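Some notes on the structure that comes next.
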Amino acid sequence: MSQDMLIVDGLQYSNWSREIFQQMREGGVDAVHATLVYHETIRETLSRMGEWNRRFEAHSDLIMPVREPADIHRARRQGRVGVFLGAQNCSPIEDDIDMVEVMRDLGLLIMQLTYNNQSLLACGCYEAEDSGITRFGRQVIREMNRVGMVIDMSHSAERSTLEAVELSERPVIISHANPASWQPAKRNKSDKVLHAIAESGGLLGFSAYPFHLKNGPDCTLAEYCEMIARTADKIGVEHLGVGTDLCQNQPTSVLEWMRNGRWSKDMDYGEGSAANAGWPDPLPWLRDNRDFPNLVAGLREVGFSENEVAGIMGQNWVALLERTTTPQPALTQVA
């Protein structure tokens, strides 16, 4: 793999350890969007941030926080992995719009408006009726635009996603999902949504989570990369990235927290089922972060140019963050 290849993974939620950080360096990963929370409250979110501060301190030779896109290049020059934090739900702001700026100031770069269910902001992809963006959601989108927090619609329903794109003045992303035309999972996205994301200047991060893939854990590298190639034909390679959704070394209890949170007394199986309730088997070509060179090779094999591979593997993510995370200047009050 070329030493000049910048690699950014647009979504992981691993059971973080020094071993995983070392594997990232072995696989050439320069930066990762790490999920901070799913259903956590403001107070719990602050504790998760505190845990990351301890990791940055304990493993400062391997990782560093990303507060702005330039930090990714800084981490790369220093031989470290840059970590930028995101929320897979809007729970970190609860019902308080002031928390958007507070969380952004603390380093939360990305926030999903929903996680599968209806939230205070929008509707999730598992609800029977998609009510769209709420009154509160409209205000939060405006505030996220202002403070430079990226809007992520990965777990949101169709109408909500399209309305978010329409309402947002800045690019909207889907950090980890695939085209529904390739694999009709509830979490995958229609061509209409993909075109809207691209037209907003946003980005689709391709998921490698087996429940989002054709043939599940048996999906081949060639099939996966061919899907990426066909999506490039539809919406342009400059709007594509990788968001593997790797969840390394996580116990089943974490999967159950993701699916059930505090909202359900009944077991929710998400994209699984009672007969297939645990983590899916890993892909043989992406067992962990050391396998990223396989993905680079696969993209080359389906005909992407070196510049296009570099874009998909990381440069497009950096460009997206540059377009979306700079706070907008305050308007001067005229007396």
Side-chain angles (χ1 to χ4, degrees), residues 10-11 13 33 35-39 84-93 100 103-104 108-127 129-134 136-145 147-181 183-207 209 212 231 234-235 239-245 258 270-271 316-317 320-321 323-325:
L11 199 287
Y13 186 61
H33 167 204
T35 292
L36 183 69
V37 293
Y38 283 88
H39 310 287
F84 52 106
L85 300 175
Q88 291 220 37
N89 209 342
C90 60
S91 60
I93 68 167
V100 176
M103 289 297 172
R104 177 63 185 85
L108 192 72
L109 263 64
I110 298 172
M111 186 173 77
Q112 290 189 46
L113 301 192
T114 64
Y115 186 78
N116 294 341
N117 292 353
Q118 174 77 46
S119 76
L120 293 177
L121 307 182
C123 191
C125 60
Y126 276 41
E127 298 287 2
E129 298 293 331
D130 183 0
S131 55
I133 301 297
T134 65
F136 183 32
R138 288 170 177 262
Q139 296 287 332
V140 168
I141 286 172
R142 188 184 308 162
E143 185 71 355
M144 290 175 73
N145 285 172
V147 305
M149 184 185 288
V150 184
I151 297 166
D152 186 355
M153 303 301 285
S154 293
H155 284 259
S156 301
E158 177 114 346
R159 176 184 166 189
S160 291
T161 302
L162 294 172
E163 288 184 1
V165 170
E166 184 179 345
L167 290 163
S168 178
E169 295 178 356
R170 304 183 89 165
V172 173
I173 70 167
I174 292 168
S175 62
H176 58 301
N178 297 322
S181 59
Q183 174 62 16
K186 285 184 178 180
R187 272 266 289 103
N188 285 342
K189 306 302 177 184
S190 72
D191 285 356
K192 185 175 183 179
V193 163
L194 297 182
H195 282 291
I197 291 292
E199 288 167 10
S200 82
L203 180 143
L204 167 68
F206 290 99
S207 169
Y209 190 56
H212 304 155
T231 310
K234 291 180 180 179
I235 66 172
H239 299 294
L240 308 182
V242 174
T244 63
D245 210 2
M258 290 159 57
E271 289 146 320
N316 292 345
W317 261 112
L320 180 281
L321 293 173
R323 293 195 296 273
T324 51
T325 59

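Note that this is a predicted model, so its numbers are computed, not measured. The figures here come from the full heavy-atom set of this structure, side chains too, leaving out hydrogens, waters and symmetry mates.
Residues that satisfy the ring pair (Phe, Tyr, Trp, His ring centres under 6.0 Å) test with Y115, not counting sequence neighbours, are Y38, H39, H155. Residues passing the salt bridge (Lys or Arg N to Asp or Glu O under 4.0 Å) test with K192, sequence neighbours excluded: none. R323 meets the side-chain hydrogen bond (donor to acceptor under 3.5 Å, both in side chains) test with no other residue; sequence neighbours excluded. Under the rule for a side-chain contact (heavy atoms from CB on, under 4.5 Å), the partners of A185 that lie at least two apart in sequence or sit in another chain are N188. Scored by the side-chain contact (heavy atoms from CB on, under 4.5 Å) test, N117 finds E127, W263 as partners (sequence neighbours excluded). Under the side-chain hydrogen bond (donor to acceptor under 3.5 Å, both in side chains) criterion, Y13 pairs with no residue at all, not counting sequence neighbours. Considering only residues two or more places apart in sequence or on other chains, R159 meets the salt bridge (Lys or Arg N to Asp or Glu O under 4.0 Å) condition with E163. By the salt bridge (Lys or Arg N to Asp or Glu O under 4.0 Å) test, E143 is found to be paired with R146, residues two or more places apart in sequence or in another chain being considered. Take T324 and apply the side-chain hydrogen bond (donor to acceptor under 3.5 Å, both in side chains) test, not counting sequence neighbours, and it matches no residue. Every residue two or more places apart in sequence or in another chain that forms a side-chain contact (heavy atoms from CB on, under 4.5 Å) with E169 is listed here: N145, Q328. Among residues two or more places apart in sequence or in another chain, the side-chain contact (heavy atoms from CB on, under 4.5 Å) test is passed with S200 by V165, P171, V172. In terms of the side-chain hydrogen bond (donor to acceptor under 3.5 Å, both in side chains) criterion, H239 has no residue partners (sequence neighbours excluded).
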After noting the C-alpha distance and the side-chain angles of H176 and S207, does the key distance pass the side-chain hydrogen bond (donor to acceptor under 3.5 Å, both in side chains) rule?
CA-CA 5 Å; H176 58 301; S207 169; over 6 Å; no
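For the residue pair L85 and H33, the shortest heavy atom distance occurs at C-CD2, 4.1 Å.
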